[in-house]
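Accompanying notes for the structure given below.
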Amino acid sequence: MNLQLDNTIALVTGATSGIGLAIARRLATEGAEAIITGRNPMRLDRAVDSIRATRSGSVRGVLADAGTAEGADIILRAVPRVDILVNNLGIYEAKEFTAITDDDWRRIFEVNVLGGIRLARAYFPGMLERDAGRIIFVSSESALNTPVEMVHYGMTKTAQLAVARGLAELTKGTRVTVNSVLPGPTRSDGVAELLRNMAPGVPTEQVEAEFIAKFRPASLLQRMIDPDEVASLVAYLASPLSSATNGAAVRVDGGVISTLA
């Protein structure tokens, strides 16, 4: 299927690994100019090289922390216009609710929510003026199933849904769309580290299976999701082919969410 992304500029934040890298790679493969952000120069260079290895088109990295106001300024100076904005950057940690400090709440909100808001606020007016554009927030099934092991993370994912829906309401009658995607437990370096910290010394395959059984028993897949499976959905939402999908929270959760709403 041709997703008609040739000659588009796509910015994916937090894309040096995992879901973000998979999204950027898929968008580049579909013909977009992929621009990725990251904080670590070596990881950023590796990610750019890995995309170039699978696609001879245009891809570049911007060294910036998209979760800070300073980082957003760097990104906006380097990339003044985008056709597709994928707010993928996110942080998480397992922590008992009573141990989550005020600083923890502020830090995770700053990165996961304000990070996307800053970029959307900057790029959204241009999209409306051009009557074309896509903004996609990579939320989580945790937005609807608040995880008891990281309540603060779940709060930020729910907030993303509210922001995306509110922005979508402002696109009425235009060809701009704003949507969210809700991945379920997805295999990535960050998740692997989280699981290792929760069960030190346990083999990866075993701890993944135990995590699904204990914390996500409703999963119909009964396995971790591959980042490429999430990227396929995001690429479709970034495409002109998804023009009738707007203001939606689209699940790619492996059936973890069992409600119909």
Side-chain angles (χ1 to χ4, degrees), residues 1-6 8-40 43-55 57-62 64 66-67 75 79 82-92 111-112 115-116 119-120 123 127 133-143 157 160-161 164 177-192 224-242 245 248-254:
M1 179 183 294
N2 180 3
L3 294 184
Q4 303 173 18
L5 294 179
D6 290 340
T8 60
I9 301 171
L11 173 65
V12 187
T13 63
T16 57
S17 64
I19 291 175
L21 179 58
I23 291 170
R25 183 182 295 115
R26 181 60 187 272
L27 293 176
T29 300
E30 294 292 340
E33 177 187 358
I35 302 172
I36 65 175
T37 74
R39 298 177 300 171
N40 182 296
R43 293 186 65 183
L44 185 63
D45 288 344
R46 282 199 301 268
V48 169
D49 290 342
S50 74
I51 295 173
R52 285 180 178 154
T54 57
R55 165 70 183 179
S58 178
V59 55
R60 62 187 171 104
V62 176
I75 294 167
V79 191
V82 301
D83 302 296
I84 301 161
L85 170 63
V86 182
N87 284 317
N88 169 75
L89 177 65
I91 58 174
Y92 45 84
V111 175
N112 293 4
L119 295 179
Y123 291 124
M127 292 181 180
R134 297 284 185 268
I135 297 178
I136 301 165
F137 287 81
V138 179
S139 180
S140 167
E141 52 90 10
S142 295
K157 297 289 107 175
Q160 286 181 317
L161 300 188
T177 67
V178 185
N179 294 291
S180 303
V181 296
L182 283 70
T186 303
R187 185 177 294 110
S188 68
D189 292 342
V191 170
M224 301 290 281
I225 296 167
D226 187 88
D228 287 334
E229 294 175 302
V230 179
S232 294
L233 177 59
V234 172
Y236 169 72
L237 292 175
S239 163
L241 302 184
S242 68
T245 305
V250 187
R251 303 173 187 173
V252 56
D253 66 320

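Throughout, residue positions are numbered sequentially from 1 according to the sequence presented.
Distance CZ/Arg26 to OG1/Thr54: 11.5 Å, rounded to 0.5 Å. For the atom pair CE (Met1) and CD (Glu30), the distance works out to 9.5 Å, reported to the nearest 0.5 Å. With rounding to the nearest 0.5 Å, the separation of CG in Asn87 from OG in Ser139 is 11.5 Å. A distance of 10.0 Å separates CD1 of Ile19 from CG of Asp226, quoted to the nearest 0.5 Å.
At least one donor-acceptor pair under 3.5 Å links the side chain of Thr29 to the backbone N or O of Arg25. Of the possible donor and acceptor atoms, one in the side chain of Thr13 sits under 3.5 Å from a partner among the backbone N and O of Leu89. The backbone N or O of Asn112 sits less than 3.5 Å from a side-chain atom of Gln160, completing a donor-acceptor pair. Within the 3.5 Å criterion, the main-chain N or O of Val230 finds no donor-acceptor partner in the side chain of Ser232. Of the possible donor and acceptor atoms, one in the side chain of Asn179 sits under 3.5 Å from a partner among the backbone N and O of Thr245. Proximity of a side-chain donor or acceptor of Ser242 to a complementary backbone N or O of Leu237 within less than 3.5 Å is detected. Within the 3.5 Å criterion, the main-chain N or O of Gly14 finds a donor-acceptor partner in the side chain of Thr37.
The side-chain contact (heavy atoms from CB on, under 4.5 Å) with Tyr123 is formed by just one residue from the set Ile135, Ile84, Leu11, Asp83; it is Leu11.
Considering only residues two or more places apart in sequence or on other chains, Arg134 meets the salt bridge (Lys or Arg N to Asp or Glu O under 4.0 Å) condition with none of them. With sequence neighbours excluded, the residues satisfying side chain to side chain donor-acceptor pair (under 3.5 Å) with Ser140 are Ser142. Residues satisfying the salt bridge (Lys or Arg N to Asp or Glu O under 4.0 Å) criterion with Arg43, sequence neighbours excluded, are absent altogether.
Here the side chains of Pro240 and Leu3 are not in contact, with every heavy-atom distance at 4.5 Å or above. Contact annotation: the side chain of Ile23 approaches that of Val138 to within less than 4.5 Å [non-hydrogen atoms, C-beta and beyond]. Taking 4.5 Å as the limit, every side-chain heavy atom of Val252 sits out of range of all side-chain heavy atoms of Glu141. Residues Asp253 and Leu182 form no side-chain contact, since every pair of their non-hydrogen atoms from C-beta on lies 4.5 Å or further apart. Within the 4.5 Å cutoff, no side-chain heavy atoms of Ile136 are placed close to those of Asn88.
Comment: Arg60 engages Glu33 in a salt bridge, judged by a side-chain N to carboxylate O separation of less than 4.0 angstrom.
Thr16 and Arg46 share no side-chain donor-acceptor pair at under 3.5 Å.
For the pair Ser180 and Ala164, the tightest heavy-atom approach, listed with the atom from each and the gap, is OG-CB, 3.2 Å.
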